[in-house]
Amino acid sequence: MHTDYVAWSWTPGLGIDGLRRVRRSLPRPAAGEVLIANRALALNPVDWKMIEWGHPAWREGQVPGVDGVGVVTAAGNGVDIVPGTRVAYHQALGRDGSFAEYCRVGAATVLRVPAALDDAAAACLPCPGLTTWQALEKVPPAPGRDVLVVGAGGAVALFLVQLALQRGWRVWATAAPCHHRRLLELGVVGVFDYRQGDWASVLRERLGERRLYALFDTVSGRHAATLAPLLGYNGHLVCIQDRQETAPLPAFGTALSLHEVALNSVHAHGSRIDRQELRQAGERLLQALADGSLLAPDRRVFAFDALPNALRALKGGSGGKWVAQLQAAPTTQHEL
């Protein structure tokens, strides 16, 4: 049985260049935790941002990374997950993360992976998929209404478009031209190049007398505020990056609802019921990936040893979902 493992270690103030491969002693899961031998890990923008900016809870030696897929090798007291179970997870930012051969995770939010779904595809889901679910849950169902997804070239927005269509909404999107064909094939009513200064006017013209019911912005709170006039009465402005610190429009106007999406906050502020709902939603989304009713982003597979370079590419705007696959992990239980 392994007694240590390889992880990527963070150095304060040095950003991606400060990541170092280190060996760690294999931890034991505490009560309510599982130890997972990673088979795949996926990169998200939050990863390079935290590595570059730091996090209040991080100290030298922190292991970054929020998303992973692997096999449970040990379970702490009070956990009903059997060692050998394959799971996906979204790790709390303040804890050692997925950029390692092993990761210790709270059992309440791990997601059981369907047998038909491969490791790399499953690793693509937790952060963008659960973020999408939270964003959609902010907005009451209203089939037939018009919604806009801003920045539809990323993983979150790709899931958003598909799930919004499944809700019966008329979906519009903005994205770089290279994404237009795929979005239209998925069923988007119209897609606009956000670099064209008149795209909002063209959208208004095509909407006619209708107005947007919801707007999902994946760019920034400031950017979302500039688009608030596109929303109709009792519309919903959902910020997936950042949030609205002040109301973007005057009072007693279109009476917008403002929504903040903060997936990682569930680890610190979510109740047992919140975590249960998150887990159930995540497992439904994984099953949808497995049966083909939900499409994952195109994957860019890289070697675990090349993780810093993959982070640089992600930061630089390279498209697709960056995924590293690790060697298949043992399924026997670690001695407690």
Would you say the side chain of [Y] lies within less than 4.5 Å of the side chain of [X], judging by non-hydrogen atoms?
X	Y	value
Pro83	Thr73	no
Tyr89	Cys103	yes
Val46	Val66	yes
Val301	Trp322	no
Gln287	Pro114	yes
Gln62	Trp8	no
Leu311	Ile51	yes
Arg86	Arg112	no

(Q) Checking Leu35 against Val72 for the side chain to side chain contact (heavy atoms under 4.5 Å, CB included) test, could you report, in this order, the C-alpha distance in whole Å, the side-chain angles of both residues, the deciding distance, and whether it holds? (A) CA-CA 6 Å; Leu35 181 65; Val72 173; over 6 Å; no
With a 4.0 Å cut-off, would you call [X] and [Y] a salt bridge?
X	Y	value
Glu277	Arg284	no
Glu245	Arg243	yes
Glu52	Lys315	yes
Glu101	Arg39	no

Q) Looking at Asn38, Val6, Val63, which one forms a side-chain contact (heavy atoms from CB on, under 4.5 Å) with Phe99? A) Val63
Q) With Val191, which of Leu184, Val149, Val161 fulfils side-chain contact (heavy atoms from CB on, under 4.5 Å)? A)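 With Val191 as partner, side-chain contact (heavy atoms from CB on, under 4.5 Å) holds for just one option, Leu184.
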Where [X] and [Y] come nearest, the two heavy atoms and their spacing:
X	Y	answer
Tyr102	Ala37	CE2-CB, 3.5 Å
His223	Thr226	O-OG1, 2.6 Å
Leu295	Leu158	O-CD2, 4.1 Å
Trp169	Pro140	CZ2-O, 3.9 Å
Leu256	Gly232	CD2-O, 3.7 Å
Leu186	Leu165	O-CD1, 3.3 Å

Just wondering, are more than 12 heavy atoms of other shown residues or ligands nearer than 6.0 Å to [atom1] in [X]?
X	atom1	value
Glu205	CD	no
Arg23	CZ	yes
Asp198	CG	yes

Return the orientation label for the [X] and [Y] ring planes: parallel under 30°, perpendicular over 60°, tilted otherwise.
X	Y	answer
Trp172	Phe192	parallel
His267	His90	parallel
His259	His236	parallel

When clusters are formed by joining ILVMFWY residues with side-chain heavy atoms under 4.5 Å apart, either directly or through shared neighbours, do [X] and [Y] land in the same one?
X	Y	value
Leu19	Leu326	yes
Trp53	Trp10	yes
Val150	Leu203	yes
Leu258	Val219	yes
Leu278	Leu285	yes

Does the [X] side chain pair with the main chain of [Y], one donor and one acceptor, at a distance under 3.5 Å?
X	Y	answer
Ser318	Leu314	no
Arg299	Ala296	no
Arg275	Gly270	yes
Thr109	Arg279	no
Thr131	Leu263	no
Lys138	Val261	no
Asp47	Met50	no
Gln91	Arg104	yes
Thr254	Tyr233	no
Arg204	Trp199	no

Just how far is it from atom [atom1] of [X] to atom [atom2] of [Y], taken to the nearest 0.5 Å?
X	Y	atom1	atom2	result
Arg145	Arg167	CZ	CZ	14.0 Å
Leu130	Glu137	CG	CD	11.5 Å
Leu249	Leu231	CG	CG	8.0 Å
Leu148	Leu227	CG	CG	7.0 Å
Leu125	Leu294	CG	CG	7.0 Å
Gln244	Arg222	CD	CZ	11.0 Å

Q. For Asn44 and Asp67, what are the C-alpha separation, side-chain angles and deciding distance, and is it a side chain to side chain contact (heavy atoms under 4.5 Å, CB included)?
A. CA-CA 8 Å; Asn44 295 281; Asp67 279 359; 3.1 Å; yes
Q) Should Asp298 and Arg182 be marked as a salt bridge (Lys or Arg N to Asp or Glu O under 4.0 Å) after you check the CA-CA gap, both sets of side-chain angles, and the distance that decides it? A) CA-CA 11 Å; Asp298 294 333; Arg182 184 178 192 184; 3.7 Å; yes
Q. Name the one of Arg210, Arg206, Arg211 that satisfies side chain to side chain donor-acceptor pair (under 3.5 Å) with Asp146?
A.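 Exactly one candidate clears the test, Arg210.
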Q. Given the rule in the side chain to side chain contact (heavy atoms under 4.5 Å, CB included) test, do Val87 and Val69 qualify, once you have shown the distances and angles that lead to the verdict?
A. CA-CA 6 Å; Val87 297; Val69 169; over 6 Å; no
Q: Determine, step by step, whether Val139 and Phe216 satisfy the side chain to side chain contact (heavy atoms under 4.5 Å, CB included) criterion, reporting the C-alpha distance in whole Å, the side-chain angles of both residues, the deciding distance to 0.1 Å, and the verdict.
A: CA-CA 10 Å; Val139 182; Phe216 301 91; 4.0 Å; yes
